[in-house]
Number of protein chains: 2
Amino acid sequence: MNGLTEMLKGVLEGVVLQKISQGETYGYEITRYLNELGFEDIVEGTVYTVLIRLEKKQLLTVTKRKSKIGPMRKFYTLNAAGVAYLASFWEKQAFIEEKLRMIKGEA
Amino acid sequence: MNGLTEMLKGVLEGVVLQKISQGETYGYEITRYLNELGFEDIVEGTVYTVLIRLEKKQLLTVTKRKSKIGPMRKFYTLNAAGVAYLASFWEKQAFIEEKLRMIKGEA
DNA sequence: TACTGCTATATTGTATTGCTAAGTAGATAA
DNA sequence: TTATCTACTTAGCAATACAATATAGCAGTA
């Protein structure tokens with residue numbers, strides 16, 4: 001799927017949060033997950049900037065640990081604010097999807 | 001619904017195209033329509049920039065006509081490229097919605 | 001006339017965001 | 001040594017939604 005860039009704005013943040021909410025993970029793994037899921041063009045750089053942004057917004061807790069097969073990893077989990085933010089994301093997404101159905105004439 | 005701004009990026013363009021596809025219309029009317037639909041915070045300035053962008057992308061045909069109750073109106077309709085672009089928008093949206101369901105664990 | 005309000009479009013600047021591109025660095029296998 | 005995979009960082013760019021402001025036509029009213 002091409003030309004998704006603009007439509008991912010806002011959505012990508014929620015996707016990353018959702019992934020983290022399902023269990024402690026790190027940037028590289030998140031990127032691989034998104035690629036496998038079908039977001040083939042999303043690269044590491046994009047995910048890392050999202051993670052740093054979420055960290056600045058204080059939605060994540062971070063732990064640095066060694067990896068056996070490479071350099072240090074930064075493991076992320078959601079804190080309470082992150083959980084709330086994620087819930088808010090899904091509400092917004094549901095709202096937009098509902099309005100889109102209405103505009104399209106399916107409701 | 002607050003904080004939709006970032007999530008509207010990419011979507012708003014499709015919404016405006018869809019509205020125009022349903023019959024000749026103009027910026028002010030589109031804004032009113034979106035407000036009534038529930039996008040309460042979308043203002044004229046936002047819609048006009050979208051329209052000008054779509055016009056530059058050559059997706060619209062434009063006709064200026066007088067109004068009895070105010071200044072000149074710019075009426076928009078979709079051309080062939082606009083129809084194709086709109087179809088592409090809905091495909092991308094369906095793709096993203098599908099992936100979101102997968103991530104959320106509903107698929 | 002002067003004003004107020006509604007209709008209608010245009011423009012400028014800003015913040016946010018996804019992405020590109022380049023770099024740094026550890027571990028492992030050839 | 002070299003290459004490859006893992007793993008994170010950063011500078012800068014392009015696109016977008018939005019705020020703010022400006023311009024202007026028309027109707028009603030005092």
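To find a chain, count down the sequence lines: A is the first, B the second, and so on, and within it residues start at 1.
A donor-acceptor contact under 3.5 angstrom links the side-chain atoms of B:K9 to the base of C:dT16.
The main-chain N or O of A:I103 is found under 3.5 Å from a side-chain atom of B:Q22 such that the two form a donor-acceptor pair. Without hydrogens or angle criteria, B:K64 side chain to B:M72 main chain gives no donor-acceptor distance under 3.5 Å.
Cluster annotation: A:W90 is connected to B:L8 through the hydrophobic network of ILVMFWY side chains, with a link wherever side-chain heavy atoms come within less than 4.5 Å. B:L12 is not connected to B:V43 by any chain of hydrophobic side-chain contacts under 4.5 Å among Ile, Leu, Val, Met, Phe, Trp and Tyr, and they are in different clusters.
Toward the 5′ end of DNA chain D lies the nearest nucleotide of A:I52, the other residue of the pair A:I52 and A:E6 mapping further downstream.
If you measure from atom CD of A:E13 to atom P of D:dA17, you get 16 Å, rounded to the nearest angstrom. Following rounding to the nearest Å, A:N2 (CG) and C:dG18 (C1') show an atom-to-atom distance of 15 Å.
Taking 4.0 angstrom as the limit, B:Y26 places none of its side-chain polar atoms (N or O) nearer than this to OP1 or OP2 of C:dT9. The phosphate of C:dT17 has neither OP1 nor OP2 within less than 4.0 Å of any side-chain N or O from A:K56.
B:E29 comes within 4.0 angstrom of no nucleic acid atom, judged by non-hydrogen atoms across all strands. Among the atoms of the strands shown, only primed sugar atoms or phosphate atoms (P, OP1, OP2) are found under 4.0 Å from some heavy atom of A:K57.
Comparing C:dG18, D:dA7, D:dA17 against the side chain of A:Y48 picks out D:dA7 as the nearest. For A:R53, whose side chain is taken as the heavy atoms from C-beta onward, the closest listed nucleotide among C:dT17, D:dA17, C:dT9 is C:dT17.
Scanning all heavy atoms of the two residues, the minimum distance from A:L60 to A:N79 falls at N-ND2, 3.6 Å. Here the closest heavy-atom approach between residue A:E91 and residue B:M1 is recorded as O-CE, 4.0 Å.
Residue A:Q58 places its CD atom among 12 or fewer non-hydrogen atoms of other residues, nucleotides or ligands, all under 6.0 Å distant.
Across residues 73-82 of chain A, A:R73, A:K74 each have a non-hydrogen atom less than 4.0 Å from an atom of DNA chain D (numbered order).
With a 6.0 Å cutoff to the six-membered ring centre and a 45° limit on the axis angle, A:K19 counts as a cation-pi contact of A:Y33.
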Anything under 3.5 Å between a donor and an acceptor, one on a side chain of residues 45-53 of chain B, the other on a protein residue two or more places apart or in another chain? List them.
{"unit_1": "B:Y48", "atom_1": "OH", "unit_2": "B:Y28", "atom_2": "N", "d": "3.4"}
{"unit_1": "B:T49", "atom_1": "OG1", "unit_2": "B:G45", "atom_2": "O", "d": "3.2"}
{"unit_1": "B:T49", "atom_1": "OG1", "unit_2": "B:T46", "atom_2": "O", "d": "2.7"}
{"unit_1": "B:R53", "atom_1": "NE", "unit_2": "B:E13", "atom_2": "OE2", "d": "3.4"}

Under 3.5 Å between N/O atoms: give me all the protein pairs with nucleotides 19-28 of chain C, atom names plus distance.
{"unit_1": "C:dA27", "atom_1": "O3'", "unit_2": "A:K68", "atom_2": "O", "d": "3.3"}

